[in-house]
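Chain A is the first sequence line, chain B the second, and so forth, proteins listed ahead of strands; every chain is numbered from 1.
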Number of protein chains: 2
Amino acid sequence: MVSSRNLSRVTNRQLIIQQLFNHSQTSRVELARILKLNKSTVSSIYNELNKSGLIKSLGLGESTNSGGRRPHLITLNKQYGWVACFDIGGYGLRSLVTYLNGEMIQVAEKSLDTINVRELLKEIDRMMENFLASDDTDHGLLGIGFSVHGVVYENKIQSTPFFDFKSIDLQKYFEDRYHVPVILENEANAVAVFEHDFGRENNVDDLITISIHAGLGVGIIVDGDLYRGYRGQAGEIGRQLVHRRGDTTASLVKVESLCSEKAILDRFRQIKHRPNYQLKQLYLLYQRGDTDTVNLIDNAITVLTTTIYNAVVSYGPQVVYLNSPLMESIPDIFRKVHHRLIDLNMNVPIYEIRGSRYPSLLGTSSLIIHHVLGMENYSLKFKWPKEVNHID
Amino acid sequence: MVSSRNLSRVTNRQLIIQQLFNHSQTSRVELARILKLNKSTVSSIYNELNKSGLIKSLGLGESTNSGGRRPHLITLNKQYGWVACFDIGGYGLRSLVTYLNGEMIQVAEKSLDTINVRELLKEIDRMMENFLASDDTDHGLLGIGFSVHGVVYENKIQSTPFFDFKSIDLQKYFEDRYHVPVILENEANAVAVFEHDFGRENNVDDLITISIHAGLGVGIIVDGDLYRGYRGQAGEIGRQLVHRRGDTTASLVKVESLCSEKAILDRFRQIKHRPNYQLKQLYLLYQRGDTDTVNLIDNAITVLTTTIYNAVVSYGPQVVYLNSPLMESIPDIFRKVHHRLIDLNMNVPIYEIRGSRYPSLLGTSSLIIHHVLGMENYSLKFKWPKEVNHID
DNA sequence: TATTAGTTTATATAAACAACTAACTTACGA
DNA sequence: TCGTAAGTTAGTTGTTTATATAAACTAATA
């Protein structure tokens, strides 16, 4: 517990954990120098952390040219434990297991077309059993995180288009079952956390990620922290109202009805009278120059461009990331949106996130690891996984 | 200086100052009970603050029915010093002097139509001399704050439509001149700070204020803190691009070109061929039902409605405030916008700020007082001044 | 006499400090 | 080439200092 008494102790321990986390190796003197703490203070906290098993020794380092004792190199013990993360969306269920440092251990995926919540819970439990069976860490499972395509507030799902979660409190269910902390977060927010915590540049503390799936959502990082809004309602930009270009009536439509992946696919199926067409067919017909399809995509590009532009003037981010399976399928879309934005003199860099299966899971991993370590208010930097790529 | 050593002392002192600030009277035991500190800890810090003159005694309070010694009531000594605030806009210059607790002492105003920066500085200095002459506080001037109609970043004006500030660093100029801290803030942000810190409900920590003047800007409070965006660029929603209703071309226009006060007045003067018409004439012709004028206003109402709606889904605030001399002149506008928003099922309460001369100045006063007291990260609640009213 | 406000004194925690040991490099003389 | 002294750096140990808490006190009330 943090009382007034041991406030500085807790703070100093957090600073040391942060330093351990963010640097692949360090030593006691280095900690003292960087954190401006006395060597004895560092030693005292080091002993505490070491006793709890959070520190791993890396042997001796090199001494300087002018001599001196060699430092004992140390690092965070990633084998201390593991966390599980799940992404729940329209497509089904994806999961990821990472060590305490966010390093991927394994992934799993299960598509669920028509499912009820019981089915989903059973599938999650099956995955958890597998994960628990292959555990090779010191203290085992430390926490579970969920990324949800819907509005989340205080670890409760407020609304989601996919399942009926009114009947079940996911957090309570899994906390009771596995006796570890469980957190829930909105998918777009999780992706934003991923970009911030796994980002290659360390100094980007104001960014937005735009997720284009069934709807259109923004994840917002402000000054390094997630901006959720009142009751988690911030960033629902898909619900913005616009006049359709050339529409002479007074009618307003939601932007996501014009440019979300779902809206585009629905319209495509309708135009082509093929209820089973997928992204693949959309890509093929677009490639072939099919007029209807090209018009459909061009229109979406127009709407997307202004929506992104407007998000930038609204949120004032340093960087924008787009997270969209649609754009991964049809690379032309991002290319054209990008060019249009440059034509509009938008001088904020914009990137596409590739490997869009992992970002929300990794962001969730970061969130639960922050929580497990009691480091909610500290920036922890994670290593970029090879499976995820950036394109600009 | 905050070192690891005296961290808890600094924190506890801040907690006590916060409590003193936010409650018109308190006592040492009460501080100890509320802050969960030992009575002796409170006494120790009390003595420190008392020696520095920050505390004023209010005599003895009442003892309980069951007896016991009467408490010595204390309060923050508002007479400790004063701060000066200036609002610089297209209309000219407004200023406000407050005590350390944000209580108004005096105001001044000077309209400047065609001015250069030198003129402006001279006018500010003149006002400052008057303020200094009538000073009745213990330690005199403590700080100066500026509210600027333009983008501000790290106390520097990045851009403003009104003056050429490239040549002058206001902060440095006045810090050198008066040897007190000087801060600059964007006007919409200052209004947002005003609504948060002077707000009647204490628990609204997510709100936006929409300022409608020459342009259209949003001030955003997230979790009790100002959200400025990268280089202060957040909230420039006037620069959002939209299709004009019924426009069959592909052209996009800035929303502020359709619904800002300046845009409306400009168009009004153009339609009526009267370059000197002001808000008064606009109001009169609107009242008389002049077709051109009614259409102009109706169109602005339409654009304002969707812009506010879109801001709400983007930022997810708990409350929205509108700050607009235009709406103060023509109350119909707010009434209609409000009704339209209800028709759109926007369930976030929206209020109009009346007395729009003071909010930005009072918000700036809060900012500089926070700074002077070293309380940047603490919420200080100010008393609502009688001159400012809310309408919903 | 019981109760509450506030102070004083003693004690505990933890950070800083100073002085130590440990372990290294370099320089230099035999 | 070896040995050793001098200098350097890492990390520990004992001491001091700041500060929060606890307990025992005084003061003032119903």
Side-chain angles (χ1 to χ4, degrees), chain A residues 1-20 23 25-52 55-75, chain B residues 1-20 23 25-52 55-75:
Chain A
M1 296 300 97
V2 183
S3 86
S4 168
R5 182 73 159 269
N6 53 11
L7 178 64
S8 64
R9 182 62 157 198
V10 171
T11 307
N12 288 338
R13 179 169 40 227
Q14 286 171 321
L15 286 170
I16 286 178
I17 291 173
Q18 181 182 39
Q19 204 62 25
L20 276 166
H23 300 89
Q25 58 171 282
T26 186
S27 66
R28 271 160 280 198
V29 251
E30 197 185 31
L31 288 170
R33 272 200 286 262
I34 292 176
L35 303 176
K36 289 174 184 169
L37 295 174
N38 194 280
K39 287 193 290 178
S40 55
T41 305
V42 172
S43 273
S44 165
I45 295 172
Y46 166 89
N47 288 327
E48 220 176 286
L49 296 176
N50 193 36
K51 198 180 285 176
S52 75
I55 288 176
K56 189 180 156 193
S57 173
L58 293 173
L60 292 174
E62 291 305 301
S63 45
T64 65
N65 289 336
S66 46
R69 180 172 170 176
R70 293 159 65 193
H72 292 267
L73 297 179
I74 54 176
T75 188
Chain B
M1 298 296 96
V2 183
S3 89
S4 170
R5 181 78 157 267
N6 54 12
L7 178 63
S8 64
R9 183 61 157 203
V10 170
T11 307
N12 289 339
R13 180 167 39 225
Q14 286 171 323
L15 286 171
I16 286 178
I17 291 174
Q18 182 182 40
Q19 204 63 24
L20 276 167
H23 299 90
Q25 58 170 293
T26 187
S27 66
R28 271 161 279 198
V29 251
E30 198 185 30
L31 289 170
R33 271 200 286 262
I34 293 176
L35 303 176
K36 289 172 185 174
L37 294 174
N38 195 281
K39 287 193 291 178
S40 52
T41 305
V42 172
S43 272
S44 164
I45 294 172
Y46 167 90
N47 289 327
E48 224 178 285
L49 295 177
N50 193 35
K51 198 181 283 176
S52 76
I55 288 177
K56 189 182 157 193
S57 172
L58 293 174
L60 291 174
E62 292 304 302
S63 47
T64 64
N65 289 334
S66 45
R69 182 174 169 177
R70 292 159 67 193
H72 292 267
L73 298 178
I74 53 175
T75 188

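- Atom CD of B:Glu62 is separated from atom P of D:dA28 by 16 Å (rounded to the nearest Å).
- Note: NZ (A:Lys39) to C1' (C:dA19) measures 10 Å, nearest angstrom.
- Following rounding to the nearest Å, B:Asn38 (CG) and C:dA10 (P) show an atom-to-atom distance of 16 Å.
- Residue-level contact check: B:Thr41 touches the bases, meaning some heavy atom is under 4.0 Å from a base atom.
- For the pair A:Asn50 (side chain) and A:Tyr46 (backbone), a donor-acceptor distance under 3.5 Å is absent.
- Across the interface with DNA chain C, nearest-nucleotide mapping of B:Tyr46 and A:Ser44 shows B:Tyr46 to be the residue nearer the 5′ end.
- Here the side chain of A:Thr64 is nearest to one of D:dT8, C:dG6, D:dG11, namely D:dT8.
- The CZ-C1' distance, from A:Arg33 to C:dA16, rounds to 17 Å in whole Å.
- The side chain of A:Ser43 has D:dT12 as its nearest neighbour among C:dC24, C:dG6, D:dT12.
- Atoms CG (B:Asn6) and P (C:dC17) sit 12 Å apart, rounded to a whole Å.
- Remark: side-chain polar atoms of A:Arg70 are paired, donor with acceptor, to backbone N or O of A:Gly61 under 3.5 angstrom.
- In this structure, the side chains of B:Leu35 and B:Val42 stay at 4.5 Å or more apart for every pair of heavy atoms.
- Taking side-chain N and O atoms only, A:Ser66 has a distance below 4.0 Å to OP1 or OP2 of D:dT9.
- Among the atoms of the strands shown, only primed sugar atoms or phosphate atoms (P, OP1, OP2) are found under 4.0 Å from some heavy atom of B:Ser8.
- In this model, the phosphate group of C:dA15 is approached by a side-chain N or O of A:Asn12 to a distance below 4.0 Å at OP1 or OP2.
- In the set C:dT25, C:dA15, C:dG6, the nucleotide with an atom closest to the side chain of A:Arg9 is C:dA15.
- Closest non-hydrogen pair, A:Gly68 versus A:Ser63, comes out as O-CB, 3.0 Å.
- Between B:Arg70 and C:dT3, a side-chain N or O to OP1/OP2 separation shorter than 4.0 Å is absent.
- Close to D:dT26, at under 4.0 Å from its OP1 or OP2, lies no side-chain N or O of B:Arg69.
- Using a 4.0 Å heavy-atom cutoff across all strands shown, B:Ser40 reaches at least one base atom of the nucleic acid.
- In this entry the distance linking CG of A:Asn50 with P of D:dT12 reads 10 Å, nearest Å.
- With rounding to whole Å, B:Ile45 atom CD1 is found 13 Å from C:dT7 atom P.
- Among the candidates A:Leu31, A:Leu49, A:Leu58, the single residue satisfying the side-chain contact (heavy atoms from CB on, under 4.5 Å) test with A:Ile74 is A:Leu31.
- Each of B:Asn65 and B:Leu37 was matched to the nucleotide of DNA chain D holding its nearest heavy atom; the match closer to the 5' end belongs to B:Leu37.
- Distance, A:Asn47 CG to C:dA15 C1': 15 Å, rounded to whole Å.
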